[in-house]
Participant: 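Pasting a structure here, questions to come.
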Amino acid sequence: MKTILTRAACGAALAAYACTFPAAAQDFPRRAITLIVPHSAGGTSDILARTVAAEVGKTLGQTIVVDNKGGANGSIAAKAVATAAPDGYTLLLATASTHGINPALYKKLQYDAVKDFTPVTLLATVPNVLVVNKQVQATDVQQLIAEIKADGNAFNMASAGAGTPGHLAGEMFKQRAGLEFVHVPYKGGSPALADLIGGQVQFLFTTIPGALPHIKAGTLRALAVTSPRRSPALPDLPTMAESGLPGFQAISWHGIVAPAGTPPAVVDTLNQAFSKALAAPEVRQRLMEEGAEAAAINTGEFGAFIQSEIAAWAEAVKASGASAN
């Protein structure tokens with residue numbers, strides 16, 4: 001009889017949990033949500049995060065607090081979210097770095113890009129753009145190639161950090177065009193852009209949102225985009241493929257992931273909220289103006305997308321010879 005009562009009690013407890021858990025999920029969110037961005041303020045990731053977060057906050061009726069945690073190619077931010085409570089209140093702006101490049105780049109990565117996270121949705125894809133400072137004479141890619149071949153010692157390429165999409169795009173450029181130049185890694189896109197404008201480095205590959213204001217202001221000159229087709233934000237700018245480097249493609253992306261074990265009902269709520277935000281005409285327009293294309297997908301599709309990105313970037317990292325401890 002004691003055993004039967006114990007089982008009955010356990011059954012009642014489980015039933016109560018099953019009944020109350022969906023209710024708790026339906027009440028989500030009851031407080032502010034923190035969206036951790038793996039790069040410094042003012043860069044592409046930050047711009048996209050704040051644009052979308054403001055609209056998502058309206059839908060959910062709660063503030064989305066954007067918290068910038070740069071460093072280690074996004075690994076610091078990713079680890080912070082991987083070890084956070086799986087309740088939907090701490091999210092990561094996943095990128096091509098955190099969930100594509102880092103698994104191949106780092107020998108001892110402190111998180112598992114697949115096992116430690118629950119995919120929520122892809123947000124946007126963003127092509128990189130090749131920009132030079134005003135001291136460089138080249139006005140197109142072939143002229144830049146000629147200048148670098150004439151005096152490679154005079155050309156330094158900046159990047160937001162070793163192993164970032166911009167760095168790997170530069171390595172691809174070096175290999176495809178048969179060039180030699182020095183790579184100068186920075187701790188984020190903003191300081192790299194600042195030194196490019198200041199003349200400390202000569203060119204870099206960076207995402208359009210961060211570079212666009214400087215391109216429009218004339219402080220930087222854009223030569224080409226790295227996407228397979230032209231960007232709506234810079235429709236007159238050719239692609240790298242159109243500029244004499246067939247097949248050249250290096251695209252960044254941004255999405256939302258939660259800690260592994262986040263309740264499915266909470267994940268669905270978040271997916272719907274972010275999808276609704278990306279469907280808002282003003283958000284899509286803002287992203288387009290920044291050179292990004294909205295790309296909301298369901299959680300299963302995003303999980304498959306991450307798996308494919310890990311495989312694709314592993315080949316790029318191997319070819320570049322880049323590595324980090």
Side-chain angles (χ1 to χ4, degrees), residues 28-29 31-41 43-57 60 62-103 105-106 109-126 160-161 163-165 188-189 207 252-264 266-271 273-275 277-278 292 295-307 309-310 313:
F28 174 86
R31 54 185 171 84
I33 295 171
T34 298
L35 174 57
I36 297 181
V37 176
H39 300 294
S40 57
T44 299
S45 297
D46 184 62
I47 293 170
L48 295 180
R50 293 181 188 277
T51 297
V52 178
E55 190 68 23
V56 172
L60 295 178
Q62 294 288 349
T63 300
I64 310 297
V65 179
V66 175
D67 182 10
N68 299 90
K69 290 184 181 294
N73 209 31
S75 295
I76 294 174
K79 181 183 177 183
V81 175
T83 56
D87 53 14
Y89 289 98
T90 304
L91 307 174
L92 174 70
L93 185 76
T95 68
S97 293
T98 63
H99 283 69
I101 295 170
N102 285 357
L105 181 69
Y106 284 84
L109 192 60
Q110 296 186 331
Y111 65 89
D112 188 301
V114 175
K115 295 179 180 179
D116 290 342
F117 300 91
T118 297
V120 176
T121 185
L122 181 65
L123 291 182
T125 57
V126 188
T164 58
T207 47
S252 296
W253 56 266
H254 299 79
I256 300 294
V257 296
T262 300
V266 171
V267 174
D268 287 343
T269 297
L270 290 168
N271 178 275
F274 277 97
S275 296
L278 291 173
I297 55 179
N298 64 42
T299 56
E301 291 171 336
F302 188 36
F305 175 83
I306 290 173
Q307 294 272 18
E309 281 290 291
I310 290 173
W313 283 111

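Note that the numbering runs from 1 along the sequence shown for the chain. No experiment lies behind these values; they were computed from the predicted model shown.
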Participant: Hey, what do you get for CZ (Phe302) to CD1 (Ile297), rounding to the nearest 0.5 Å?
Facilitator: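 Phe302 atom CZ to Ile297 atom CD1 measures 6.5 Å (nearest 0.5 Å).
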Participant: Taking all atoms of both residues into account, what is the closest heavy-atom pair of Pro38 and Leu92, and its distance?
Facilitator: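 Looks like CD-CD1, 4.3 Å.
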Participant: Can you pull the side-chain hydrogen bond (donor to acceptor under 3.5 Å, both in side chains) pairs that have at least one residue in residues 115-124, sequence neighbours excluded?
Facilitator: none
Participant: Which value, rounded to the nearest 0.5 Å, describes the distance between Asp268 atom CG and Phe28 atom CZ?
Facilitator: 11.5 Å
Participant: Can Leu60 and Phe274 be said to form a side chain to side chain contact (heavy atoms under 4.5 Å, CB included), step by step?
Facilitator: CA-CA 10 Å; Leu60 295 178; Phe274 277 97; 5.9 Å; no
Participant: Can you see which heavy atom on Val126 is nearest to which on Ala292, and at what distance?
Facilitator: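 For Val126 and Ala292, the tightest heavy-atom pair comes out as CG2-CB, 3.7 Å.
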Participant: Check step by step if side chain to side chain contact (heavy atoms under 4.5 Å, CB included) holds for Leu270 and Ile33.
Facilitator: CA-CA 11 Å; Leu270 290 168; Ile33 295 171; 4.2 Å; yes
Participant: Okay, side chain of Thr63, backbone of Val65: is any donor-acceptor separation there less than 3.5 Å?
Facilitator: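 No; judged by distance alone, with no hydrogens or angles, the pair does not exist.
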Participant: So which atom in Asp87 and which in Thr90 form the shortest heavy-atom distance, rounded to 0.1 Å?
Facilitator: OD1-N, 4.2 Å
Participant: How far apart are the C-alpha atoms of Leu278 and Leu123, what are their side-chain angles, what is the distance that settles it, and do they pass the side chain to side chain contact (heavy atoms under 4.5 Å, CB included) test?
Facilitator: CA-CA 7 Å; Leu278 291 173; Leu123 291 182; 3.8 Å; yes
Participant: Quick one: list whatever passes side-chain contact (heavy atoms from CB on, under 4.5 Å) with Asn298, sequence neighbours left out.
Facilitator: Glu301
Participant: Kindly give the heavy-atom pair with the smallest separation between His254 and Leu122, and that separation in Å.
Facilitator: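 Answer, listing the atom of His254 first, then Leu122: O-CD1, 3.4 Å.
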Participant: Among Val81, Ile256, Val257, which one satisfies side-chain contact (heavy atoms from CB on, under 4.5 Å) with Leu91?
Facilitator: Ile256
Participant: Whether the side chain of Asp46 engages the backbone of Val37 through a donor-acceptor N/O pair (distance < 3.5 Å, no angle test) should be reported.
Facilitator: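 Flag not set: sc Asp46 to bb Val37 has no pair under 3.5 Å.
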Participant: For Asn271, does its backbone N or O pair with a side-chain atom of Ser275 as donor and acceptor, under 3.5 Å?
Facilitator: yes
Participant: Would you say Asn68's side chain and His39's backbone share a donor-acceptor pair under 3.5 angstrom?
Facilitator: yes
Participant: Find the distance between CD1 (Ile310) and CG (Asn102) and round it off to the nearest 0.5 Å.
Facilitator: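 So the CD1 of Ile310 and the CG of Asn102 are separated by 10.0 Å.
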Participant: Closest heavy-atom contact between Val266 and Gly88?
Facilitator: CG1-CA, 3.8 Å
Participant: Which residues satisfy the ring-ring contact (aromatic ring centres under 6.0 Å, His included) test with Phe117, sequence neighbours excluded?
Facilitator: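 With sequence neighbours excluded, Phe117 shows a ring-ring contact (aromatic ring centres under 6.0 Å, His included) to His99, Tyr111, given in chain and number order.
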Participant: Might you point out which heavy atoms bring Pro165 and Ser97 nearest each other, and give the distance in Å?
Facilitator: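 Where Pro165 meets Ser97 most closely, the heavy atoms are CD-OG, 3.1 Å.
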Participant: Please assess Thr95 against Thr98 for the test side chain to side chain contact (heavy atoms under 4.5 Å, CB included), listing each intermediate value before the final yes or no.
Facilitator: CA-CA 5 Å; Thr95 68; Thr98 63; 3.7 Å; yes
Participant: Quick check on side-chain contact (heavy atoms from CB on, under 4.5 Å): which of Leu35, Val52, Thr34 does Ile64 satisfy it with?
Facilitator: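 Option passing the side-chain contact (heavy atoms from CB on, under 4.5 Å) with Ile64: Leu35.
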